[in-house]
2 protein chains.
Amino acid sequence: MASTQTEQKSARSRRGTGSYDERRIKLAESALRTLGQLGYARTSLRDIAANSEFSHGVVHYYFRDKTELIIFCVKHYKTQCMHRYDSVVSESTTADGLLTGFADKLVQTLSEEPSMHRLWYDLRSQSMFQEALRVDVYDIDRGLEDMIWRVVTRYAELSESRPMIESRAAYTMFDGIFESALRDFLADRAGTVEWIRAQVTSLLPALCTPVDSTSS
Amino acid sequence: MASTQTEQKSARSRRGTGSYDERRIKLAESALRTLGQLGYARTSLRDIAANSEFSHGVVHYYFRDKTELIIFCVKHYKTQCMHRYDSVVSESTTADGLLTGFADKLVQTLSEEPSMHRLWYDLRSQSMFQEALRVDVYDIDRGLEDMIWRVVTRYAELSESRPMIESRAAYTMFDGIFESALRDFLADRAGTVEWIRAQVTSLLPALCTPVDSTSS
DNA sequence: ATTCATTCTTGACAAGTGTCAAGACCAATT
DNA sequence: AATTGGTCTTGACACTTGTCAAGAATGAAT
């Protein structure tokens, strides 16, 4: 039933602009903005609709229920966010360049989209209570871990060293720093940007140990 | 008005057992159990009352509103949890003893009270949206940071070394590892305990660098 | 035994929730 | 012009929520 629906509806677009899938995404992005401001628990379908161009009933036309909408939003966010550092990784030619580029991007991310990130942490916490969220949260978390690992391995490469720790541990460290800095940033505490920059700048080199050039 | 109330009511205890303050705590502990199972957002005052020996109306006798109850619960939890590692710190006589003692306690904490910890992370995430929670969450976070710092400095002392990083950074790292392990533990993923033990066992020594014995 | 303040229960209220059915709207097809 | 079927709005539903008022229950003080 769902597949038939999708096929038929995506064939034509009557109202507004764009196809069925495009409007699904439009609704999801509108929902993401609202979720980022109010948080997962305090956002109702009517809040979402009020901040969009639709009425509150339309949600059940595009999504089965609230949970499906949320999960769709999260997955959509994932695809946007997962490769944020790829350009930094590919364009850096020196270890120091990568280091400052990474730190800059982290700071930019922190200060430009804090609401999206607090929503992510909100959902990740909720996944500890709601089993329905666990799989998707886990997938995103692993995606972010891979993203960080690409940075770490590339830095090791450029600095002719080897990562001292495994992917998972490296991610939890940067993630912990970022989450802590995000709370400070949202609470308007001073020195947040300087702190996270200093932390990242010292952590990344510390995670890599020079390779023994005499061997092999 | 609140002070008068407290004075008078704590003077005598009619119903049940214990004073006014003791029953406040009893209600709060009951609330903590329920909150730990359902999460902050999905727990209603009726849920809390249902899992206690009281009726749902009694909450407004002991607390002004829901937020005051939550904050009281959190602070109560804080006092319980804040000095969990003190005995490990004071009783350890060698660096390795402290290391394994710390790791054991972390594992024990993780596996014995996972619900309390997911509640804490839940509230900390909520504090990014609700300003009313920020101060208390911040205080607890600093208390936990101090707790970790006591472990780190003591380890440095016993291993005749110096911490390489500052208190805040050390805390975010251990906290990140713990939170990640907690999600794995709650999702019944295998190897969680071994992972966190390995991480902690390697991280704590890595945070300390041998002191230069020739100087001073 | 009566009084009395404290403690607790009950029932109700208004507001807000997710969900859904009924139908209006509208563009393309006939 | 009439029909068709995807799109969207409206209004309602059953339910839950925090809050509070009214009063019952309780045990100490008189």
Which residue, A:Asp47 or B:His56, contacts DNA chain C at a nucleotide closer to its 5' end, judged by nearest heavy atom? B:His56
Specify the closest pair of heavy atoms between B:Lys66 and B:Thr43, including all atoms of both residues, with the distance to one decimal. NZ-O, 3.0 Å
Starting the side chain at C-beta, find the nucleotide from D:dT19, C:dT9, C:dT19 nearest to B:Leu45. D:dT19
Length of the line joining A:Ile48:CD1 and C:dG16:P, which is rounded to integer Å: 17 Å
Using side-chain heavy atoms (C-beta onward) and a distance below 4.5 Å, is B:Ile177 in contact with B:Trp195? yes
Could you tell me the separation between the NE2 atom of A:His60 and the P atom of C:dG23, rounded to a whole number of Å? 20 Å
With a 4.5 Å limit on heavy-atom distance, are the side chains of B:Asp141 and A:Arg183 in contact? yes
Got a donor-acceptor pair under 3.5 Å from the side chain of A:Arg46 to the base of C:dG16? no
Can you give me the closest heavy-atom contact between A:Leu123 and A:Ile70, atom names plus distance? CD2-CG2, 3.8 Å
Interatomic distance where CG belongs to A:Leu69 and P belongs to C:dT17 [whole Å]: 15 Å
Check the distance between C:dT19's P and A:Glu68's CD and give it to me in whole angstrom. 11 Å
Scan A:Ser44 against the nucleic acid and name what it touches under 4.0 Å (heavy atoms): base, sugar-phosphate only, or nothing. sugar-phosphate
Quickly work out the B:Lys66 NZ to D:dC20 P distance and round it to whole Å. 15 Å
To the nearest angstrom, the CZ-C1' distance between A:Phe63 and C:dT19 comes to 16 Å
Output the rounded distance in Å from CG (B:Asp21) to C1' (C:dT7). 15 Å
Checking contacts here: which listed nucleotide (D:dT19, C:dT7, D:dT9) is nearest the side-chain heavy atoms of B:Tyr61? C:dT7
What is the distance, to the nearest angstrom, from the OH atom on B:Tyr20 to the P atom on C:dA5? 18 Å
